[in-house]
Amino acid sequence: MKQKGFWKQYKELIKDVVLDYQYQVMLDEKDITIEREREDASLPHEKSQAITNLKIAAGLEEGEHYGWWFQDTDVYKWIETAAYTIENFDDPKLKKRVDDVIDIIELAQEDSGYLSTFYQLRAPDLKYKELDKSHELYNAGHLIEAAVAYYRATNEKKLLDVSIKFVQNIMDNFGEGKIEGADGHQEVELALVKLYQLTQDKKYLDLSRYFIDVRGKNPEFYNEQKRALNQEPFTNLDYLQAYDLPINQKEAKGHAVRMLYMMEAMADLAYYQNDSKMKSAVKTLWDDIINTKMYITGGVGQTVQGEAFAQSYELPNDTMYCETCAAIGMVNTAKRLFKLEQDDAIIDTMERSLYNGMLAGMSQDGEHFFYVNPLEYIKDRYNPDKGHVKGERPEWLGCACCPPNIARTIASIDSYFYSKVDNDLYIHMYGDAKYEDENITIIQTSAFPSQDNHQFEIQIKNDASTLHFRKPNWSDNLIITLDGKIIPEKIILEPGNYQIHVAIENEPFALYTTPEVVHNANKVAFQYGPFVYCGETHDQETNIYKYFVDPSYIETQLVEDALGVRYNLKVDAHKHITSKTLYSRNLEKTEKSSVNLIPYYLWANRGLSDMMVWLFRKV
Ligand SMILES: [Zn+2]
């Protein structure tokens, strides 16, 4: 099979389709159906207007603001995606389009530095006065992330200056003796670290630390803001992770995306401030998630109520939330935790969330997006508790945080393949991705996922470097060769050019859940390489939920069709010969059969179908 490059194809899809599609959606130039992310009549879904809001704030158009407090961030994440894409592919047309949008953003910013179109256009008297919901600093955070990425890609400072001016406005308004509280939605904390990494200006790191340390310091902070506005003084502090100082928190609670964005910042602060207490705090939260609250897809957020974590081991497959952004939060938290502690198990989780929980968030055509990622969807079994669970990806969402979030993650995928810690270079994942710094260049190519043979062209320029090749937890054996000779997973290379070959020996396998998870009792899931599998009724003789599988026999089938190149799995099974009687004193008859499974990230690309990750096990 041709060596196309799994991620190269995705990056090209972002460049050729996704960026243009999202741009047109944000200008409401696409004839599409925008869906509410969950059943709630109050949720806006008529249009996006994200770029137009900025034009109105800039005085370039007349009109009213439309959408969420954070509608601007769709545009910022789109710019960030474009920045990585411009870095990967020279694309002057795209750059011109981005520059025009940056001009609008610059004009939309107030002289004070403030920039949040919702409050500028709808409620100028309420700026920074309702921080539990206002997302103003969240907006600043995504602006910073976009600006840093665009500066790194182009060396152009206009957007960076806008973001620094906004940060100055935040510094003018927040801190001791000023507003002593944090934004309800964490984001600016991690973005300020990125601004510090770029500028090396410690005040940004200190401000990030300030916002982490002030959260939960005065649990009455948000209620005091509400009393000042004559509003009901009630705040769900768990939802905001503001019931205690983050450094004291022991379990993942509340809104999943907020939790993970906070953990990203905590991990970064622990690293840059060499703070062992912060490190232990973020590790405690991480362990709570991966040991008791994470789905096998690497998705998190067990309930629609507050888009939130629930109790340990409560992992329903059909009513869960598993927001695409939360899986991205897992990926980004893992990447930062690894800098603190070079443990490959962290990368095993990162890879799980990336190839499954996150990647399922976008269709193969690049124009449909999941907000919620179920592990089980049964067609024609609707009930109101599943109002948020969709069987097909919408063209866009009223709350569109996920579509540009997945786009920016894919566009910057190379950065997840490698980590440099001190002078050691860690190769995390195998596929097609490059790495470059002043001393090391790595170009990795392979026919993944059709083959697990990976070629590395490595150039070490000035100083000897230590390379570490990760042995994934799904692999049986890793065979690394240099000039035909087997080398260990950790190797020191002197300056020079090298060709290294990595072959991964691995087989598909079955996975079981601890009996603590009632939802998965007597069920089994399948994994091959980094991919978790699922069964869609499309590929079976009858509904996927009518099968009992026998995991002792799994066959792999290399397939190339409209869904791309992949391995499907065929697993022995027995299927029900269903009667229509609702209840019966007799066990139903079964007959020998088999089920056909596809990688989970590809589900819901062929029209509505039942889908299950956890299949009934024949006992
Ligand atoms: Zn989202």
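For ligands, and for the atoms within them, numbers begin at 1 and follow the listed sequence. Both backbone and side-chain heavy atoms feed into the values below; hydrogens, waters and symmetry mates do not.
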Please determine if the Zn ion (ligand 1) has an N/O/S atom from Cys399 lying under 2.8 Å away.
no
Does the ring center of His255 lie less than 6.0 Å from the ring center of Tyr239?
yes
His142 and Tyr76: aromatic ring centres closer than 6.0 Å?
no
Rounded to the nearest 10 degrees, what's the angle SG of Cys325 makes with OE2 of Glu323 at the Zn ion (ligand 1)? Could you check?
110°
I need the SG(Cys401)-the Zn ion (ligand 1)-SG(Cys402) angle, rounded to 10 degrees.
120°
How long is the span from the CD atom in Glu106 to the CG atom in Leu115, to the nearest 0.5 Å?
11.0 Å
For atom CD of Gln311, decide whether the heavy atoms of other residues, nucleotides or ligands shown that lie under 6.0 angstrom number more than 12.
no
